[in-house]
Each structure stands twice: as structure tokens, then as C-alpha cells.
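Just so it is clear: chains get the letters A, B, ... in the order the sequence lines come, proteins before strands, and each one is counted from 1.
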Amino acid sequence: MFDHLDHDAFRTSILDWYGVYRRDLPWRGDPDPYHVLLSEVMLQQTQVHRVIPAYHRFLARFPTLGDLASAPTADVLRAWAGMGYNRRALYLKRAAQAVREGYGGSLPRSVEELERLPGIGRYTSRAVACFAFGVQVAVVDTNVRRLLSGFAGRQLTEKETETLADLLLPSGRAADWNQALMDYGSLVERARPQRSTVPRQRFAESDRFWRGRIVDVLRLHDALSMPLLLAALPEAGRDEARIRSLVRSLHEEGLAEFAEGTDTVTLPT
DNA sequence: GTCCCGAGAT
DNA sequence: ATCTCGGGAC
């Protein structure tokens, strides 16, 4: 399907570029599976410059996967402060527990097993397998997809991109190649001026926004009655019904709870 | 990015 | 039964 393309020329130019512009990041060249996993999960939602300090802070708080597995969810959510997308911190802790129960505390080495862990999909499973265990598989993110679509001459689906990316892997250099592709895709290929206009307004009224704010407040207190929670969110107006319903949904997802049938809200135990 | 769900295809 | 693909949510 992609045999008409000049693989070697493409490989060479990308690797040459990487040889010159490669960035050295805290987790690069560090094969510790937990470190790789943490960095990749953080990178899923946040830019590199914001991840770096958070990465060190989180690791100082939870040095090993085992520490994370046995830590109270509330502590993990607190250590995640400023990262956004709290659900990922939750998945990360659950993945740590799953690894403890199912693999004796050591992350599995295969893409298939890694992908069964909560919060780990096609991208992260491949990233961990490759960067931590040297498995020769391609890692595909949106930048790589855009880059390879350009190489192929048409818009590729995620599946097609994966096929082509695996086909392009230089033997024995999967890790370098993947880093090179992602770096190139994000640093060079992207020439689009960011949408600096408008759409910022709507978010401030969304459920997603308020759910985040609720968890923010909860991080600062061991327990809060509904009245106090409402008081801590003055901008929300006195819309108790809405806040209560948001807390319920947070509860269903394991991000908050009502202390034994009362109206006192807390972070999960 | 990952998850979840519905829908069409194998 | 298993897989691929939008669509929306976080």
C-alpha cells in the first residue's frame, strides 16, 4: 500500500535532522518504565515546558510505581495539581494498582498487555514498550500522523498511519526514530498560526470547567460541607443543584465523594 | 490521548 | 464475535 514511497530517503532526512536538533529531556534516555509512563501520560495533555517541573515534583512525591499504587487517591490528585485532566491521574493510580496485582509491580513489556491498563491506549502502550523495553514498534501521535500524511500525499487514518509508521522503522533504531518523528512533527511540520482569537469565553461556563474547579477546592480541604463548597466557588452563583449534580458525577468517576451519606464532600480515599 | 458508545462491516 | 470508524466527553 505504501511501497511506492521512498522510505530510505525519508528516513535519512528525518534522522539527519534529529541528529542536529534533538532535544534532551529529563526522561529521554531514561529507560525506567515508570518514568517513561509518567512522562508520556503527562505529555498527553500538557506541553513539554509545563511537564518538566511537574514530572520532577511528582516523582519526588511518588518515587516508584509501588508508592503510587499504595497512595491515597486524594494525595495523587493533589500531586497532579496544575496538570488538568484529573481523570488521568486517577487512571495512572489505577494502572499502578493493576500492575501491582497483575504483574507483581513491574510494568509488562508487550504493547498488548500495556494497552489493557487503564489510561493507556495505542500511543502510550507503544511509547512505553519502545522507550522502556526497546520493542521495535512505531509511536504515533497527531503530529506524526500529519507528517506521514504529507509524506504519503494524502490524509491518512490513524490505522493507516500506524501501518506506514511501522513499515518505516529503521531496524534497531525504533526509539531514536520515534523521537525524531515526533520532534520533527511538532517543531517543524507545524506552521499553522495558533487560533489566538475568541473561543476562550465559552469554557468558563461549562460543566468541565466547574468540575475542575470543584476538584481544585477539594485539594485544599480534607472535607467541605455543601454550603462551604458553594462559598468557595462564589463565581458559581448559589446554584447548589448544579454543583451537587456535578459532585455526583465526579463521584461516579471516582474523583470525589460524599462522606457517608452526609452532604460533606471530600476527595476519594 | 484515552474512554465509551452506537453503527456498519467482516 | 471482533474490528474499524465517527462523535462527544474529559
Side-chain angles (χ1 to χ4, degrees), chain A residues 1 25 27 36-48 50-51 54-55 58 68 73 76-77 80-99 107-108 111-132 137-149 154-166 178-179 181-183 185-186 189-190 199-200 202-219 242-243 245-256 267-268:
Chain A
M1 181 181 289
L25 302 170
W27 46 85
V36 173
L37 175 61
L38 178 62
S39 65
E40 291 303 341
V41 170
M42 289 185 151
L43 253 14
Q44 286 173 12
Q45 53 185 341
T46 315
Q47 312 78 324
V48 181
R50 290 185 62 72
V51 166
Y55 171 78
F58 197 90
L68 187 56
T73 299
V76 179
L77 290 172
W80 199 256
M83 292 271 83
Y85 290 84
N86 297 307
R87 185 175 295 184
R88 297 178 197 239
L90 198 56
Y91 286 148
L92 194 54
K93 182 198 157 33
R94 289 178 182 168
Q97 289 178 291
V99 169
L107 278 161
V111 172
E112 296 68 33
E113 292 174 295
L114 286 165
E115 197 171 342
R116 290 191 208 112
L117 297 171
I120 298 183
R122 312 193 116 242
Y123 167 82
T124 308
S125 60
R126 284 165 170 260
V128 173
C130 181
F131 302 143
V137 287
V139 180
V140 176
D141 64 8
T142 62
N143 291 316
V144 171
R145 180 172 171 184
R146 180 155 35 68
L147 176 56
L148 295 190
S149 288
R154 67 183 173 79
Q155 189 64 39
L156 301 177
T157 67
E158 188 179 321
K159 216 47 180 158
E160 291 176 321
T161 306
E162 228 165 59
T163 301
L164 176 55
D166 279 333
N178 286 323
Q179 301 289 196
L181 265 193
M182 291 194 281
D183 271 17
S186 65
E189 192 70 359
R190 165 205 307 189
R200 187 88 211 102
R202 274 261 156 266
F203 181 60
E205 292 150 30
S206 67
D207 282 355
R208 179 182 156 192
F209 170 79
W210 286 111
R211 287 160 52 91
R213 293 286 290 107
I214 291 172
V215 174
D216 285 343
V217 171
L218 258 27
R219 281 200 182 86
R242 182 178 184 189
I243 297 302
S245 125
L246 290 178
V247 170
R248 280 204 199 86
S249 70
L250 283 170
H251 178 204
E252 291 175 48
E253 291 161 41
L255 284 168
L267 282 180

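Remark: side-chain polar atoms of A:Asn86 are not paired, donor with acceptor, to backbone N or O of A:Asp216 under 3.5 angstrom. The closest donor-acceptor contact from the side chain of A:Asp166 to the backbone of A:Ala138 lies under 3.5 Å.
If you take CD1 of A:Ile214 and C1' of C:dC10, they are 14 Å apart, rounded to a whole angstrom. Distance CD (A:Glu112) to P (C:dC3): 12 Å, rounded to an integer number of Å. When rounded to the nearest whole Å, the span between CG of A:Asp207 and C1' of C:dG8 equals 13 Å. Taking atom CG of residue A:Leu250 and atom C1' of nucleotide C:dA9, one finds them 13 Å apart after rounding to whole Å. Remark: P of C:dA9 and CD of A:Gln45 are 18 Å apart, rounded to the nearest angstrom. We find that CD of A:Glu253 is positioned 8 Å from P of C:dC10, with the value rounded to whole Å. Rounding to whole angstrom units, CD of residue A:Glu158 and P of C:dG7 are separated by 15 Å. Atom P of nucleotide C:dC10 and atom CD of A:Glu252 are separated by 12 Å, given to the nearest angstrom.
Among residues at least two apart or in separate chains, there is no salt bridge (charged side-chain N to carboxylate O under 4.0 Å, His left out) pair with a member in residues 37-48 of chain A. Residue pairs meeting the salt bridge (charged side-chain N to carboxylate O under 4.0 Å, His left out) criterion with at least one partner in residues 87-98 of chain A, sequence neighbours excluded, are A:Arg87-A:Glu253.
Along DNA chain C, the nucleotide nearest A:Lys159 and the nucleotide nearest A:Tyr85 are compared for position; the residue whose nucleotide lies closer to the 5' end is A:Lys159.
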Is there any protein nitrogen or oxygen under 3.5 Å from a nitrogen or oxygen in nucleotides 3-8 of chain B, and what are the pairs?
residue: B:dC3; atom: OP1; partner: A:Gly119; partner atom: N; Å: 2.7

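Comparing atom distances between the A:Tyr123 side chain and each of C:dC10, C:dT4, B:dT2 picks out B:dT2 as nearest. When each of B:dT2, C:dC5, C:dC10 is scored by its nearest atom to the side-chain atoms of A:Thr124, the top-ranked nucleotide is B:dT2. The side chain of A:Thr157 has C:dC5 as its nearest neighbour among C:dC10, B:dT2, C:dC5. Checked against C:dC5, B:dT2, C:dC10, the side chain of A:Gln44 finds its nearest nucleotide in B:dT2.
Inter-residue side-chain proximity for A:Val144 and A:Leu147 is flagged as unmet; no heavy-atom pair is nearer than 4.5 Å. With contacts defined as side-chain heavy-atom distances shorter than 4.5 Å, the pair A:Thr124/A:Leu37 qualifies.
More than 12 heavy atoms of other residues, nucleotides or ligands shown are found within 6.0 angstrom of CZ on A:Arg219.
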